[in-house]
Each structure stands twice: as C-alpha cells, then as structure tokens.
Peer 1: 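My questions all concern the structure below.
Numbers for residues simply follow the sequence, beginning at 1.
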Amino acid sequence: MPEFIRWSTPHITALVLTVLATAATMWWGHRRTQKTRFLICRVLAVLIALEYVGEFTWRNIAHTYGSWENNLPLHFCSFMSIAAFIALWWRKHWACSLVFFAVLTASIQALITPAMASGYPTAAFFTFFISHGLLMVVALAIPVLIGWRARGYDDLKTLGLMNLYVLAIIPVNFWLGTNYGYTQGAPVPGTLLDYLGPAPWYYLWVELPVLAVFRIMMLFVHDKSEP
C-alpha cells in the first residue's frame, strides 16, 4: 500500500483541485438566480449525504482503520457533514454558523496536514480529499449562495459547540480505546498540535487564537443590518 507523503505531487494536486472546484462553484453559483442557488445547495446536501453514508459503509466493510471501534462516524468532520446537510437543506442559522467557522479553520488544517497513512491512489486517499473538499465548498456556499450572515456572538457560540464536542468525545475515547477528535494525541507528526503540549490539553491553548481567527472571519460575513 503506497504511503501518504505530505507535499507530494498527489497531495498538491488534490489541494489545487479542491481550490479550483470551490472557486468555480462559487463563481458560477453566485451568478445564478436565488432559486437556482438554493437548488445548487440542495444538490451539495445530497452529495454530502451520499459521501457520508458511502464512506462509513466502506470503512466498516473493508475495516479500513482496523476494528469497528475505529471506523465509527465520530470524528469532528463527521459531525460537520451532518451540520453541513442541515445548513444546506434547511438553512438553519446555527448550522450555517458552525459549518462556516469550524470548517474553514479545522478542515483547512486537515487538508494541509492530512491524518492518513495511505497515499495515492488508494480509496482512503480519494475519500479523504473528496469529503474534506466537499466541506470546503459547503463552508463558502453558506455565505455566497445561501446568503447567510453572522449575527451577534455566532463565532463564540461556534467555539462553544466545538468545545462541547471535545468534552463529549473524551469519555468515548477512554471507553472505546480510540482517538476521535485527537484527544488522545496528535494524529500525525507535523501538525500545529505538536507545538501546543500534550493531549488533550493542547485544545486549551488554541482557544484564544481560534476565537481571534473567528473574529476576523466575522468581518467578511457580519450582518450589516445589526447595530
């Protein structure tokens, strides 16, 4: 099985294709009518749902990551897929906020430093980049195609939900002997987590930097009608 090599030609190609696909979807969709934009979002929601079900069916049939405990849909990106479907299909404000802020921070990091051992052309390689690439498209579709705008303390609420996930998944990891959410340790060497101390305490040290990034992101999507 080929090993994944960061910044190899397949990795860079996957990143470039993700950026191009996202930019093309936003450019084309932004020029359509509101009805068509909402239809595009419904199509993206169906793709997210199909990818979600397909990936975890394949994981458990192929035992991709070992025993069944390690193949459950309990990673943060799995919950982001569910939130993305809700945001695209029903345009719920809380889901839109969560996906916009969380995906554009966590998924970008994941794409740059993928937590995977298998490289191109394995199924794991394609599944990883398709799932995270779709989430990137969705995160930008929320303000560009749906027209969602952040209000009040949406960024702080999103950070609270992210912390809630970490707190909830810690006992699950102890129970199953797993590492969902990477509360037991960094997934691969060379990520930002390597410089923030031991797990799961490194999540404490990113609170203020993440909130600062969220505040900057708010500048681009803040509801101008608010005082």
Side-chain angles (χ1 to χ4, degrees), residues 45 48-49 51-60 63-111 113-116 127-128 131-132 134-136 138-139 142 150 152-188 191-215 217:
I48 284 281
E51 192 284 326
Y52 178 88
V53 173
E55 176 180 353
F56 290 101
T57 300
W58 162 70
R59 278 190 180 203
N60 283 281
H63 301 289
T64 308
Y65 298 101
S67 62
W68 66 269
E69 294 95 335
N70 293 298
N71 286 289
L72 299 172
L74 295 178
H75 275 298
F76 186 69
C77 61
S78 304
F79 290 98
M80 287 302 96
S81 293
I82 296 172
F85 182 87
I86 295 171
L88 291 169
W89 200 270
W90 291 293
R91 303 193 291 278
K92 296 293 185 181
H93 187 84
W94 68 266
C96 290
S97 301
L98 178 59
V99 174
F100 176 76
F101 288 112
V103 166
L104 287 182
T105 50
S107 283
I108 286 177
Q109 171 69 17
L111 286 167
T113 57
M116 57 189 301
T127 300
F128 180 91
S131 61
H132 287 78
L134 269 175
L135 284 174
M136 288 292 296
V138 171
I142 284 170
Y153 295 98
D154 282 343
D155 54 346
L156 189 59
K157 293 174 184 176
T158 295
L159 185 59
L161 289 173
M162 294 171 73
N163 286 332
L164 184 62
Y165 165 79
V166 171
L167 291 174
I169 207 66
I170 287 174
V172 174
N173 283 330
F174 276 117
W175 177 40
L176 296 177
T178 51
N179 191 27
Y180 295 111
Y182 310 126
T183 63
Q184 300 291 89
V188 291
T191 69
L192 179 64
L193 298 178
D194 290 344
Y195 307 98
L196 298 173
W201 305 107
Y202 43 48
Y203 284 117
L204 286 177
W205 313 126
V206 299
E207 294 287 304
L208 289 179
V210 168
L211 185 57
V213 171
F214 284 1
R215 281 275 109 179
M217 293 169 68

Peer 1: About how many Å separate CD1 of I108 and NE2 of H132, when rounded to the nearest 0.5 Å?
Peer 2: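 Spacing of NE2 (H132) from CD1 (I108) equals 11.5 Å.
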Peer 1: Check T183, N163, I170, V210 against Y203 for a side chain to side chain contact (heavy atoms under 4.5 Å, CB included) and give me the one that passes.
Peer 2: T183
Peer 1: Working to the nearest 0.5 angstrom, can you tell me the gap between K92 NZ and F85 CZ?
Peer 2: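 Spacing of NZ (K92) from CZ (F85) equals 13.0 Å.
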Peer 1: Could you grab the distance from atom CG of L156 to atom CG of L161, nearest 0.5 Å is fine?
Peer 2: 10.0 Å
Peer 1: Side-chain contact test, heavy atoms from C-beta onward, threshold under 4.5 Å: evaluate it for Y180 versus S78 and give yes or no.
Peer 2: no
Peer 1: Compare all side-chain heavy atoms of L74 with those of F79 and state whether any distance is below 4.5 angstrom.
Peer 2: yes
Peer 1: Could you tell me whether the side chain of T113 and the main chain of A110 form a donor-acceptor pair under 3.5 Å?
Peer 2: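 Not confirmed, T113 side chain does not pair with A110 backbone.
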Peer 1: So, for F76 and Y165, which heavy atoms are closest and what is the spacing to 0.1 Å?
Peer 2: N-OH, 3.2 Å
Peer 1: side-chain contact (heavy atoms from CB on, under 4.5 Å) for I48 and V138? Distances and angles first, verdict last.
Peer 2: CA-CA 9 Å; I48 284 281; V138 171; 4.0 Å; yes
Peer 1: If you round to the nearest 0.5 Å, how far is CD of Q184 from CD1 of I169?
Peer 2: 10.5 Å
Peer 1: Dump the intermediate steps for side chain to side chain donor-acceptor pair (under 3.5 Å) on T105 and Q109, then the final yes or no.
Peer 2: CA-CA 7 Å; T105 50; Q109 171 69 17; over 6 Å; no
Peer 1: Identify the heavy atoms of H75 and N179 that sit nearest to each other, and give their distance.
Peer 2: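 So the minimum-distance heavy-atom pair works out to CE1-O, 3.9 Å.
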Peer 1: Show the numbers, then the answer: is there a side-chain contact (heavy atoms from CB on, under 4.5 Å) between L211 and F101?
Peer 2: CA-CA 10 Å; L211 185 57; F101 288 112; over 6 Å; no
Peer 1: Hey, are the side chains of K157 and S97 touching, using non-hydrogen atoms and a 4.5 Å cut-off?
Peer 2: no
Peer 1: Could you tell me whether the side chain of W94 reaches within less than 4.5 Å of the side chain of I86, counting heavy atoms only?
Peer 2: yes
Peer 1: Heavy atoms only: give me the nearest C77-L135 pair and the separation to one decimal.
Peer 2: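 Answer, listing the atom of C77 first, then L135: O-CD1, 4.0 Å.
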Peer 1: Between M217 and V213, is there a side-chain heavy-atom distance shorter than 4.5 Å?
Peer 2: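 When only atoms from C-beta onward are counted, M217 and V213 do touch, with a gap below 4.5 Å.
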Peer 1: Are any side-chain N or O atoms of N71 and backbone N or O atoms of N60, one a donor and one an acceptor, separated by less than 3.5 Å?
Peer 2: no
Peer 1: Give the minimum heavy-atom separation between A199 and Y182, together with the two atoms involved.
Peer 2: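 Between these two residues, the closest heavy atoms are CB-O, 4.3 Å.
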Peer 1: Could you measure the distance from the CD atom of E51 to the OG atom of S81? Nearest 0.5 Å is fine.
Peer 2: 6.0 Å
Peer 1: State, to 0.1 Å, how close A186 and Y202 come at their nearest heavy-atom pair, and which atoms those are.
Peer 2: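 Taking A186 first and Y202 second, the nearest heavy atoms are N-OH, 3.4 Å.
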Peer 1: Please find the pair of heavy atoms, one from C96 and one from I142, that lie closest to each other, and give the distance.
Peer 2: CB-CG2, 3.6 Å
Peer 1: Within this structure, what is the CG-CE distance for the pair L111 and M136, rounded to the nearest 0.5 Å?
Peer 2: 6.5 Å
Peer 1: Is it the case that more than 12 heavy atoms not belonging to W205 sit under 6.0 Å from its CH2 atom?
Peer 2: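 Incorrect, the count does not exceed 12.
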Peer 1: Hey, does T178 have a side-chain heavy atom less than 4.5 Å from the side chain of L72?
Peer 2: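 They are not in side-chain contact.
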Peer 1: Is there side-chain contact between H93 and D154, with heavy atoms separated by less than 4.5 Å?
Peer 2: yes
